[in-house]
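Atom set for the values below is all heavy atoms of this structure, side chains included, hydrogens, waters and symmetry mates excluded. It should be emphasised that the depicted structure is a prediction, and the values quoted were computed from it without experimental measurement. Letters A, B, ... are given to chains in the order of the sequence lines, protein chains preceding strands, and every chain is numbered from 1.
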Number of protein chains: 2
Amino acid sequence: MGQNSFYGYGQKKITIDDVANALGVSKTTVSRAVSGKGRVGESTRNRVLNYIAENNYKPNLIAKSLAESKTFNIAVVIPGDYNLVDLPFFQKCLMGISEFASTFNYDVLMCVCYENDLSQLERIIDNHKVDGVILTRTLVDDKPEKYLIEKGVPFVVIGTSLNDDVIQVDNDHRSACKELTSLMLMKGYKRIGLIGGDESHIVTLSRYSGYKDALLETGISVDKQIVHLNVLTSIVAEKSALELIDKHVDAIICMDDTICSYVLKTFYSKGIRVPEDVKLLSFYNSMILENRNISITTLQFDVKELGVETCKVLINYLNGIEIEKKTLLKYEVILKESTK
Amino acid sequence: MGQNSFYGYGQKKITIDDVANALGVSKTTVSRAVSGKGRVGESTRNRVLNYIAENNYKPNLIAKSLAESKTFNIAVVIPGDYNLVDLPFFQKCLMGISEFASTFNYDVLMCVCYENDLSQLERIIDNHKVDGVILTRTLVDDKPEKYLIEKGVPFVVIGTSLNDDVIQVDNDHRSACKELTSLMLMKGYKRIGLIGGDESHIVTLSRYSGYKDALLETGISVDKQIVHLNVLTSIVAEKSALELIDKHVDAIICMDDTICSYVLKTFYSKGIRVPEDVKLLSFYNSMILENRNISITTLQFDVKELGVETCKVLINYLNGIEIEKKTLLKYEVILKESTK
DNA sequence: CTGAAAGCGCTTACAG
DNA sequence: CTGAAAGCGCTTACAG
């Protein structure tokens, strides 16, 4: 007992056999009527469909999985790195993915991967628990990506991959950062500082490219002294912010809201005023920057939509429907007080 | 093709039959050696174990599921309500749950439920895709809870349930709020305002109880004028904060960090100083309150640990191991500038 | 249009 | 200690 005592959740489930017997037809016929595959007589089909609706028959997905060699599950890989755990980004992605998946009767399996520990992913793949995988970020040297390619597992990444064979869905961070930069340039601010995160994250590189694009188009050369990447801690961010002020920047673009919150705090404690002394821009319209003393001009991505689109691509791919190799989603610029 | 072309992820999986044939034993024997259930000769067992290790045999979990009527999946229900989506709480819970589950070879299935839409949960239960469920919050009138009881599905809640039959794991919010209140009382501040969220969330009621406990122990009666519950929007929060100031409170306890951020912003714009004019306390040591101009005295719960413990209880329960009906986890008080 | 039968890869009484 | 066989609940060639 014990282990199985819960099975059926207390109520016996009716099987395809029960339906077939009750109706005096074969399981084959029931199966065909339910799945819609294969020919069944109009009237037979209706009898079956009515019966299962009335008697609340639900096919056992596990049995179906075994017979079809499909699981109707997808795994979503979330990075477990401490400083990313708090970001609302991944949670919102998950919501979108899960919403779309469930309308197609797929389920979403959580999978946390760490820099040096893919064991959760490996276990899921070894156990054949999913039909495909979504990676929620991309790295320059991406271990989960490599692993999945090696194993031949179908997957889609949220983000941009250096490998063109990888199916990818992303917001257009390059254009977005270019637009943010151009916005400042058009207002006549020529010295624009940039503070960004980990260079091993491809998104950091994309943003940096967009920044350079904007400058070069305007004929301004990039001053590497006011571009600070790999800013990962509050201490480095503080140092970086003050250094940019020393270098007389007109504006600072922060590549994420956490960095921006560090910068804001530093400025507050040093009496540097935004936007009077320096303009400030950030990348997500997230709650990290909400309800501050000053509102920050940022980009806005529809992250839930990003999840939805990605899941759509993966499920289409799994079902042999043609898809785009690369999907780029839009963004909006939200103008607020910090650039006034 | 199409649908099945991905199966096997490109590499044929070796089955129990292959192992049995290669070793000249029966499937039964292999099964027993692998599962550890049933008697197998010492040497036979070792032969099997060596072979599967060398040839990287992994039992097909789907087949095992069908045979055992178990899925090795648990569902975690996350509320989809807009204003909760952003809270790091649920994400951290998920991380803890997923971490524990995977060490026991269980997987975690995401399930988003809305106030009036349990369809994701219903689908998962109807399809028998999980062995049990974790609810990540509790309401006074809890629809998912009722649904699961009705269906006879094993589940555990994170939070406190009004139904004593429900297995629950929670941080001790009542004691925590009592301690926060007592802390102010001991410093001689007798007028303590309370701003809280939705009264239909049991956690709100627990906190309120703790607040009352502390006051009553000190012989102070509760002044309902300075207790504001159901504060759900920034507008109401602002109004509430100013009203408390009008009523000359010495301190304000906010039941969550979002509320506290609204209060902070209101005070800043009105020139009300913390802690000089009023002390301020909040409930989570979350990033919402990080990098503000002032640091806030809060409670600290180990939310990931909460997830781990809950998952442990559920998995033990599913496997017939004795468990506590109610587990209460600790908290810490983090003293910061806002109560100096 | 419909059905009998084999098969998906396991587990587990039952028998020896 | 070990194995042949039935069964979990579906799907799907194959035959009619």
Side-chain angles (χ1 to χ4, degrees), chain A residues 1-4 6-8 12-49 52 55-72 105 126-129 131, chain B residues 1-4 6-8 12-49 52 55-72 105 126-129 131:
Chain A
M1 290 282 56
Q3 311 228 8
N4 283 0
F6 298 120
Y7 183 60
K12 295 116 220 63
K13 284 209 72 169
I14 140 176
T15 73
I16 198 174
D17 255 315
D18 301 326
V19 178
N21 290 334
L23 260 34
V25 297
S26 73
K27 297 193 296 179
T28 310
T29 301
V30 176
S31 175
R32 286 201 270 248
V34 171
S35 70
K37 295 185 228 164
R39 317 179 60 78
V40 197
E42 179 70 29
S43 68
T44 323
R45 161 179 294 116
N46 287 136
R47 278 180 63 216
V48 173
L49 261 24
I52 68 176
N55 294 278
N56 196 33
Y57 163 71
K58 308 275 179 182
N60 180 323
L61 263 203
I62 301 287
K64 193 174 154 81
S65 293
L66 185 58
E68 289 187 69
S69 295
K70 294 182 66 179
T71 65
F72 304 98
N105 220 13
D126 279 343
N127 285 339
H128 271 246
K129 289 201 68 165
D131 299 330
Chain B
M1 290 284 56
Q3 310 229 8
N4 283 359
F6 297 120
Y7 183 60
K12 295 117 219 63
K13 284 209 69 169
I14 140 175
T15 73
I16 198 173
D17 254 316
D18 300 326
V19 178
N21 290 333
L23 261 34
V25 299
S26 71
K27 298 194 295 179
T28 310
T29 301
V30 176
S31 175
R32 286 200 271 248
V34 172
S35 69
K37 296 184 225 162
R39 317 180 60 79
V40 196
E42 179 69 29
S43 68
T44 322
R45 159 178 296 117
N46 287 137
R47 278 180 64 216
V48 173
L49 261 24
I52 68 175
N55 296 82
N56 197 33
Y57 164 70
K58 307 275 179 180
N60 179 323
L61 262 203
I62 302 288
K64 192 174 155 83
S65 294
L66 185 59
E68 289 188 71
S69 294
K70 293 182 68 179
T71 65
F72 303 98
N105 220 12
D126 280 343
N127 285 338
H128 271 246
K129 289 199 69 164
D131 298 330

Atom pair distance, as rounded to whole Å: NZ in Lys27(A) and P in dG7(D): 12 Å
With the criterion being N/O to N/O and under 3.5 Å, what pairs connect the protein with nucleotides 1-4 of chain D, and how long is each?
residue: dC1(D); atom: OP2; partner: Arg39(B); partner atom: NE; Å: 2.1
residue: dC1(D); atom: OP2; partner: Arg39(B); partner atom: NH2; Å: 2.4
residue: dT2(D); atom: OP1; partner: Thr44(B); partner atom: OG1; Å: 2.6
residue: dT2(D); atom: OP2; partner: Gly41(B); partner atom: N; Å: 2.5
residue: dT2(D); atom: OP2; partner: Thr44(B); partner atom: OG1; Å: 3.3
residue: dG3(D); atom: OP2; partner: Ser26(B); partner atom: N; Å: 3.1
residue: dG3(D); atom: OP2; partner: Ser26(B); partner atom: OG; Å: 3.3
residue: dG3(D); atom: OP2; partner: Thr29(B); partner atom: OG1; Å: 2.7
residue: dG3(D); atom: N7; partner: Arg32(B); partner atom: NH2; Å: 2.9
residue: dG3(D); atom: O6; partner: Arg32(B); partner atom: NH1; Å: 3.3
residue: dG3(D); atom: O6; partner: Arg32(B); partner atom: NH2; Å: 3.1
residue: dA4(D); atom: N6; partner: Thr28(B); partner atom: OG1; Å: 2.6

Consecutive-pair stems (3 or more, Watson-Crick or G-U, under 3.5 Å) for DNA chain C: C:1-3 with D:14-16, C:5-12 with D:5-12, C:14-16 with D:1-3
Residues forming a side-chain hydrogen bond (donor to acceptor under 3.5 Å, both in side chains) with Asn55(B), sequence neighbours excluded: none
Whole-Å gap separating P (dC8(C)) and CG (Asn60(B)): 11 Å
With Lys64(B) via salt bridge (Lys or Arg N to Asp or Glu O under 4.0 Å) - residues at least two apart: Glu68(B)
Under 4.0 angstrom between Ser31(A) side-chain N/O and dC10(D) OP1 or OP2: no
Donor-acceptor contacts under 3.5 Å from residues 21-29 of chain A side chains, at least two apart:
residue: Asn21(A); atom: ND2; partner: Asp17(A); partner atom: O; Å: 3.2
residue: Ser26(A); atom: OG; partner: Thr28(A); partner atom: N; Å: 3.3
residue: Ser26(A); atom: OG; partner: Thr29(A); partner atom: N; Å: 3.2
residue: Ser26(A); atom: OG; partner: Thr29(A); partner atom: OG1; Å: 3.2

Separation of atom CG in Leu66(A) from atom C1' in dG7(C), rounded to whole Å: 9 Å
Phosphate contact (dC10(C) OP1 or OP2) by Tyr57(B) side-chain N/O below 4.0 Å: yes
Residues in side-chain hydrogen bond (donor to acceptor under 3.5 Å, both in side chains) contact with Asn46(A), at least two apart in sequence or another chain: none
Closest listed nucleotide, where the reference is the side chain of Ile16(A) and the choices are dC10(C), dT12(C), dT11(D): dT11(D)
All ring-ring contact (aromatic ring centres under 6.0 Å, His included) counterparts of Phe72(A), not counting sequence neighbours: Tyr106(A)
Between dG7(D) (P) and Asp17(A) (CG): distance, integer Å: 11 Å
